[in-house]
Number of protein chains: 2
Amino acid sequence: MGKKKAAVTLHDVANKTGVSVSTVSRVLAGKEYISPRTRQKVMATVAEMNYSPNAMARGLKSGQSNMIALVIPSIHNLMFPVLTRGVEDTARKNGYMVILCNTDEDTDAEKGYITKLRNSWVDGMIFATMLPDSHYIRELRQSGFPVVLTSRAYDKTIDAVVIDNVSASYDATCYLIGKGYRRIAFAMGPDFQLYEDRFQGYCNALKENGIPFDERLVMHETDGVNSFAGLIRKMIEEQGKPDAVFASTDNRAIVIMRTLYDMGFRIPDDIAVMGFDNVDFSSLVEPPLSTVSQPLYDIGATATRRLIHQIRAVRNTGVLDPPVVEQLETHLLIRQST
Amino acid sequence: MGKKKAAVTLHDVANKTGVSVSTVSRVLAGKEYISPRTRQKVMATVAEMNYSPNAMARGLKSGQSNMIALVIPSIHNLMFPVLTRGVEDTARKNGYMVILCNTDEDTDAEKGYITKLRNSWVDGMIFATMLPDSHYIRELRQSGFPVVLTSRAYDKTIDAVVIDNVSASYDATCYLIGKGYRRIAFAMGPDFQLYEDRFQGYCNALKENGIPFDERLVMHETDGVNSFAGLIRKMIEEQGKPDAVFASTDNRAIVIMRTLYDMGFRIPDDIAVMGFDNVDFSSLVEPPLSTVSQPLYDIGATATRRLIHQIRAVRNTGVLDPPVVEQLETHLLIRQST
DNA sequence: CTGTTAGCGCATTCAT
DNA sequence: ATGAATGCGCTAACAG
């Protein structure tokens, strides 16, 4: 069989310069106690031979890869491109690269990534998935591996960056009620804590304002976001039109808006619509969507900073710092759909 | 200083089982000539100790990392989440992981990734950026490193997966003309070949249909997508309204649609709008956007397959296969904005 | 200031 | 069928 063209190594550079490998290594590491002349000569050959260090050898030696993994449901979901930029920008600024892992919210896929990556491809992992409690993630953390969660906080035993879904959702619902809407439908997501919380906030607001909760006004996603096209249609046919719809994500809100539009309703005149997330596109739809703005980029950036902090803690002290759950602020963004 | 908790190594497993490291290595590699009993014992300790191989040691030894890099302008641009899934799914199916690199179309950033990654973090790279000819990428390829381009083909000396922008754009413009639109504005992008091609197709269609080209009907992006809000406004104030607008990307089309809407125009009754790309959201805006559909997922998947093919070629024969430029089909997707 | 050496964890060749 | 020994490319400890 053939073999790959051998890359130039430290050894080659040393030979050519007429010094030892360790000298070259020192020069490259910017160590002191190197004579200017030697340094200069080495730098010259390095440039001449176009040498660049073998990262895997370096990693094997140092036990660090300077890579982190970002585990998300799917980059296809509009929440994540923004969060991902927050992660990547922060990582790069600190000398880390990021490996992207799409799980489609599949527990086995998540587990697969963990077992594959923990053993030294990556120095730490960020989980932005919404899966319920995962044994593997706890175990990772317990074994001293840096892990940061977003979108879920477990029980504060793991570092996390979150928002207060219950109160954000409560505020949004109160706003709708304040505008005079009474029959407020809710578009529920799959069975994740995240959506339970948003639903809870909605219920709390209803109760505090003396509005009876009506189970028939909550739509449960059956088969992906698009199922809401059918759900809202069915609800209106059976229950009559609601005054407003509060969707647990912008994606759901937008699908609902389109359907409402197709059915001939005007927004917000006939029915108001409120979203959650403030995904990029929410300002571009017609009418621009009122929503709960979540600092997606910042969540990514904060999670990454925390992760890198923990990576350094492990390197320096041998153990992880105690976990911290950081809560970031959301705010109600009123545009024209309410 | 402290030290990281040592991971369990082949050595540990060997010791505990009472065999040599090479035996353990063989068992794990599924080699033959191992007594069933030994195999069994080894497997037991592996499971018991929760051993997993150190990827960097393995990589150092084998010269392969089983990672590839995907270089894109920004995951934030709606073209790329879909393309990225195509890449990631295909990569994973073949045992590769992907490192995501956002360059914001900055040549230095691109160069930085190249120098950092080529030396053995990744086995190959996909460039989905639109930057003009890059010396570094050619050099990569020439040095025998697997590279695949999308969105640009250079001169067929590098593997690429592309679409025919000129003719796709030509077809779209002809469609508009066929519908009776005469004053067709064009929303031009930055100075990349890609947009030149789309512009060329637009010009060709005009000429073939005997419609004089009017420079004042082409808008040039000044400062990001949002600049088209001002540009379309200004154009209409100065030149009167066009019959239709053909935007070089969906993003631009959508910003323009919003502005038109705000100005009180109805789409497509007053002004038709045509996009390019068929980004996810184009079906969700109001009215759903007519556009040139580009097989984004497939572009990513095809590029990845080709890249992996080349990686294997290098491993087996020592050299890259001759470059292939694959052209994928686009089609006109007529929705309600025209 | 610089060279020699050992060893990171693994796969593999050579013995046995 | 299995063990011992070597080396992938690099860094760091130890000698000068």
Side-chain angles (χ1 to χ4, degrees), chain A residues 1 3-43 45-46 49-66 116-121 123 315, chain B residues 1 3-43 45-46 49-66 116-121 123 315:
Chain A
M1 297 298 152
K3 62 256 140 175
K4 202 158 154 183
K5 186 195 309 195
V8 16
T9 78
L10 215 45
H11 189 80
D12 301 330
V13 177
N15 269 148
K16 183 141 187 174
T17 321
V19 294
S20 75
V21 285
S22 49
T23 302
V24 180
S25 176
R26 281 192 197 97
V27 171
L28 263 47
K31 299 280 192 198
E32 312 213 332
Y33 302 117
I34 299 280
S35 88
R37 262 194 68 250
T38 315
R39 178 185 303 273
Q40 170 129 26
K41 281 200 299 184
V42 170
M43 292 308 258
T45 19
V46 162
M49 302 184 76
N50 199 8
Y51 167 79
S52 110
N54 181 312
M56 291 200 286
R58 191 176 267 187
L60 176 58
K61 183 73 186 163
S62 69
Q64 304 248 174
S65 66
N66 289 311
K116 185 154 184 185
L117 289 171
R118 68 175 303 173
N119 211 103
S120 75
W121 267 136
D123 297 339
R315 182 171 51 214
Chain B
M1 295 302 145
K3 62 253 138 177
K4 204 161 154 182
K5 186 195 309 193
V8 14
T9 79
L10 216 44
H11 188 80
D12 301 330
V13 177
N15 268 149
K16 183 141 188 171
T17 321
V19 295
S20 76
V21 284
S22 46
T23 301
V24 179
S25 177
R26 282 194 196 95
V27 171
L28 262 48
K31 298 280 191 200
E32 313 212 332
Y33 302 118
I34 298 280
S35 87
R37 262 194 66 250
T38 313
R39 179 185 304 274
Q40 169 130 27
K41 279 199 301 180
V42 170
M43 293 308 259
T45 14
V46 163
M49 303 185 75
N50 198 8
Y51 167 80
S52 110
N54 180 312
M56 292 202 283
R58 191 175 265 187
L60 176 58
K61 184 78 184 159
S62 69
Q64 305 249 172
S65 65
N66 289 313
K116 184 153 185 186
L117 290 171
R118 69 175 304 172
N119 212 109
S120 77
W121 269 136
D123 297 338
R315 182 171 50 213

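No hydrogens, no waters, no symmetry mates; every other heavy atom, side chains included, goes into these values. Chain naming here is simple, since letters A, B, ... match the order of the sequence lines and numbering starts at 1 in each.
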Kindly indicate whether the side chain of B/Ser22 and the base of D/dA4 share any N or O donor-acceptor pair separated by less than 3.5 Å?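 Yes.
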Under 4.0 Å between a side-chain N/O of A/Ser20 and OP1 or OP2 of C/dG3, yes or no?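 Answer yes for this pair, as a side-chain N or O of A/Ser20 is under 4.0 Å from OP1 or OP2.
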OP1 or OP2 of C/dC1 sitting under 4.0 Å from any side-chain N/O of A/Ser35?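 No, no such contact exists.
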5'-most contact on DNA chain C: A/Thr23 or B/Lys61, nearest heavy atom basis?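 Its nearest nucleotide being more 5', the pick is A/Thr23.
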[X] [atom1] to [N] [atom2], straight-line distance once rounded to whole Å:
X	N	atom1	atom2	answer
A/Asn66	D/dT11	CG	P	12 Å
B/Gln40	D/dA1	CD	P	16 Å
A/Arg58	C/dG7	CZ	C1'	17 Å
A/Met49	D/dG9	CE	P	13 Å
A/Asp12	D/dC8	CG	P	11 Å
A/Trp121	C/dG9	CH2	P	15 Å
A/Gln64	D/dT11	CD	P	14 Å
B/Met56	C/dC8	CE	C1'	9 Å

With nearest nucleotides of DNA chain D determined for A/Leu10 and B/Arg26 from heavy-atom distances, which residue corresponds to the more 5′ nucleotide?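 Nearer the 5' end of the strand: B/Arg26.
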Minimum heavy-atom separation for B/Thr45 to B/Thr17, with atom names?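 Taking B/Thr45 first and B/Thr17 second, the nearest heavy atoms are OG1-OG1, 2.8 Å.
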Ignoring hydrogens and angles, tell me if any N or O in the side chain of [X] forms a donor-acceptor pair with the backbone of [Y] under 3.5 Å.
X	Y	answer
A/Ser65	A/Trp121	yes
A/Ser25	A/Val21	no
A/Asn15	A/Asp12	no

Around B/Met49, counting heavy atoms of other residues, nucleotides and ligands shown, do more than 12 lie under 6.0 Å from its CE?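 Yes, CE of B/Met49 has more than 12 neighbouring heavy atoms, counting only those of other groups under 6.0 Å.
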For the side chain of [X], counting heavy atoms from C-beta on, which of [options] is nearest?
X	options	answer
A/Val19	D/dG9, C/dC1, C/dG3	C/dG3
B/Thr38	C/dT4, C/dA11, D/dT2	D/dT2
A/Leu60	D/dC10, C/dC8, C/dG3	C/dC8

Which part of the nucleic acid, if any, lies within contact of A/Ile34, taking any heavy atom under 4.0 Å across all strands shown: a base, the sugar-phosphate backbone alone, or nothing?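 Counting heavy atoms under 4.0 Å across all strands, the contact made by A/Ile34 is with sugar-phosphate only.
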